K.L.:
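Quick one: the structure is below, and I'll ask about it shortly.
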Amino acid sequence: MVREVLAQLPLFADLPAAEIARVGGAMRRRRYPKGSLIHAAGAMGADLYIIASGRVIIQLPSERGEELTLRLLWRGDFFGEISLVDDAPWYGDAIAFDDCELLLLGKREFLALLDAHPSVHRRLLAIVCGRLRHNARFARDLAFLDVPTRLARALVTLVESGGWGWTGERQARDVGMVEITQGALAAHVGATRESVNKWLGYYERQGYLSRERDRIAVLRLDELRARAGVE
């Protein structure tokens with residue numbers, strides 16, 4: 001399973017199979033139950049984390065105890081790379097959104113991999129640039145878009161890629177069932193749960209989606225995409 005996960009990782013796309021096997025042999029497996037803290041904001045990083053199963057949220061905590069969810073990552077993605085490269089503390093909390101299994105690659109092994117394989121270095125730079133662009137769009141949306149539009153965009157992105165800020169390819173489907181709580185949606189769009197519940201109800205009455213407990217079926221993706229202003 002380790003080789004399969006690593007082979008699908010965009011960061012390692014150019015590595016030969018033998019090198020992927022070597023990297024996999026240097027990794028440690030860790031399991032984290034749903035809701036547990038994987039790594040805290042302000043702590044120094046020692047590992048690159050690769051998601052083998054489950055989902056992980058990256059949250060920005062406030063001094064008042066509130067959270068803003070910057071990313072929701074899933075199988076085949078990774079996090080923790082910034083702290084390894086710049087030797088600065090983590091900027092956010094990493095929390096297990098589901099029961100997760102993660103693969104950990106130590107800092108020394110990760111930096112040695114970058115030195116030995118320029119293609120991985122270039123891909124890392126491209127991915128970090130993509131995440132910077134994601135952060136800029138995220139900040140723009142929070143500043144200039146209303147709650148229903150931000151909510152529509154969050155749902156469209158969940159259907160198309162399975163997470164927010166994911167580094168892989170977008171994978172649009174005709175009908176998307178996403179597992180997400182109203183609290184998680186509220187933490188991502190910068191709104192209250194009551195406001196998110198109100199606008200989910202509105203979109204449900206319009207026939208764009210239907211709701212179950214912690215599950216949302218997007219029934220009319222094109223109409224929801226148009227409401228979100230996404231091409």
Side-chain angles (χ1 to χ4, degrees), residues 10 41 51 55-77 79 91-95 97-98 126-231:
I51 304 173
R55 293 176 291 175
V56 173
I57 55 174
I58 308 299
Q59 291 187 330
L60 308 180
S62 75
E63 295 179 354
R64 297 184 297 179
E66 301 167 331
E67 298 92 16
L68 181 66
T69 297
L70 182 63
R71 295 191 181 94
L72 173 64
L73 305 176
W74 59 294
R75 186 179 188 270
D77 214 329
F79 58 95
Y91 59 85
D93 293 331
I95 300 170
F97 193 74
D98 310 303
I127 289 170
V128 169
C129 289
R131 287 180 167 173
L132 287 174
R133 293 179 186 275
H134 164 81
N135 292 350
R137 290 192 298 269
F138 183 72
R140 177 200 62 196
D141 290 353
L142 285 177
F144 300 122
L145 299 181
D146 58 17
V147 171
T149 303
R150 299 201 303 269
L151 176 59
R153 289 196 173 193
L155 292 172
V156 168
T157 303
L158 282 176
V159 170
E160 291 185 337
S161 68
W164 299 309
W166 189 54
T167 61
E169 297 295 327
R170 298 170 76 86
Q171 301 175 359
R173 299 182 290 270
D174 292 333
V175 176
M177 177 67 75
V178 296
E179 296 185 7
I180 196 74
T181 64
Q182 290 189 18
L185 281 171
H188 182 63
V189 303
T192 65
R193 293 189 186 188
E194 292 77 13
S195 180
V196 166
N197 182 63
K198 167 189 170 182
W199 287 107
L200 285 174
Y202 170 80
Y203 288 141
E204 190 168 30
R205 291 191 297 274
Q206 297 298 310
Y208 295 169
L209 56 85
S210 63
R211 291 183 289 175
E212 302 174 11
R213 179 178 177 84
D214 296 341
R215 290 163 60 91
I216 299 173
V218 177
L219 306 175
R220 291 161 56 185
L221 182 59
D222 288 342
E223 287 88 340
L224 192 63
R225 185 186 286 112
R227 178 62 181 85
V230 177
E231 297 181 357

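In this text, all values refer to a predicted model and were calculated from it rather than measured experimentally.
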K.L.:
List the residues meeting salt bridge (charged side-chain N to carboxylate O under 4.0 Å, His left out) with R211, not counting sequence neighbours, and say none if there are none.
P.N.:
E204
K.L.:
Report the distance from atom CG of L155 to atom CD1 of I180, rounding to the nearest 0.5 Å.
P.N.:
9.0 Å
K.L.:
Please report the closest heavy-atom contact between A191 and V196, naming both atoms and the distance.
P.N.:
CB-CG2, 4.2 Å
K.L.:
Which residue, T192, I216, N197, forms the side-chain contact (heavy atoms from CB on, under 4.5 Å) with Q182?
P.N.:
N197
K.L.:
Quick one: CG on L185 to CG on L151, what's the gap to the nearest 0.5 Å?
P.N.:
6.0 Å
K.L.:
Should V218 and L158 count as side-chain neighbours, where that means a heavy-atom distance under 4.5 Å?
P.N.:
no
K.L.:
Using a 3.5 Å distance criterion without hydrogens, assess whether the side chain of R55 forms a donor-acceptor pair with backbone atoms of D98.
P.N.:
no
K.L.:
Are any side-chain N or O atoms of D214 and backbone N or O atoms of T181, one a donor and one an acceptor, separated by less than 3.5 Å?
P.N.:
no
K.L.:
Test your reading of the model: is there a side-chain donor-acceptor pair from R220 to the backbone of Q206, 3.5 Å cut-off?
P.N.:
yes
K.L.:
Taking C-beta and beyond as the side chain, do R71 and D77 meet within less than 4.5 Å on heavy atoms?
P.N.:
no
K.L.:
On a heavy-atom basis, which atom in A228 and which in V156 lie closest, and how many Å separate them?
P.N.:
CB-CG2, 4.5 Å
K.L.:
Return the set of residues passing ring-ring contact (aromatic ring centres under 6.0 Å, His included) with Y91 (not counting sequence neighbours), or none when no residue passes.
P.N.:
none
K.L.:
Can you see which heavy atom on L73 is nearest to which on G165, and at what distance?
P.N.:
CD2-O, 3.6 Å
K.L.:
Main chain of S161, side chain of W74: is a donor-acceptor contact present, judged purely on distance under 3.5 Å?
P.N.:
yes
K.L.:
Would you confirm whether H134, through its side chain, and W164, through its main-chain N or O, come within 3.5 Å as a donor-acceptor pair?
P.N.:
no
K.L.:
Hey, could you give me the CZ/CG distance between R137 and L142, rounded to the nearest 0.5 Å?
P.N.:
13.0 Å
K.L.:
Mind checking the CG-CD1 spacing from L70 to I57? Nearest 0.5 Å is all I need.
P.N.:
11.0 Å
K.L.:
Under the side chain to side chain contact (heavy atoms under 4.5 Å, CB included) rule, what do D222 and R225 come out as? Steps first, then yes or no, please.
P.N.:
CA-CA 5 Å; D222 288 342; R225 185 186 286 112; 2.9 Å; yes
K.L.:
With sequence neighbours left out, write down each residue that passes side chain to side chain donor-acceptor pair (under 3.5 Å) with Q59, or none if nothing qualifies.
P.N.:
T69
K.L.:
Over all heavy atoms of both residues, which pair between T157 and G163 is shortest? Give the atoms and the distance, please.
P.N.:
CG2-O, 3.2 Å
K.L.:
Any side-chain heavy atom of V159 within less than 4.5 Å of one from L224?
P.N.:
no
K.L.:
Looking only at heavy atoms, what is the nearest atom pair of P61 and D93, with distance?
P.N.:
CG-OD2, 3.8 Å
K.L.:
Looking at CG of D141 and CZ of R150, how far apart are the two atoms once the value is rounded to the nearest 0.5 Å?
P.N.:
8.0 Å
K.L.:
More than 12 foreign heavy atoms under 6.0 Å from CZ of R140: is that the case here?
P.N.:
yes
K.L.:
Taking the inter-plane angle between the rings of W199 and Y203 on a 0 to 90° scale, is it parallel (under 30°), tilted (30 to 60°) or perpendicular (over 60°)?
P.N.:
tilted
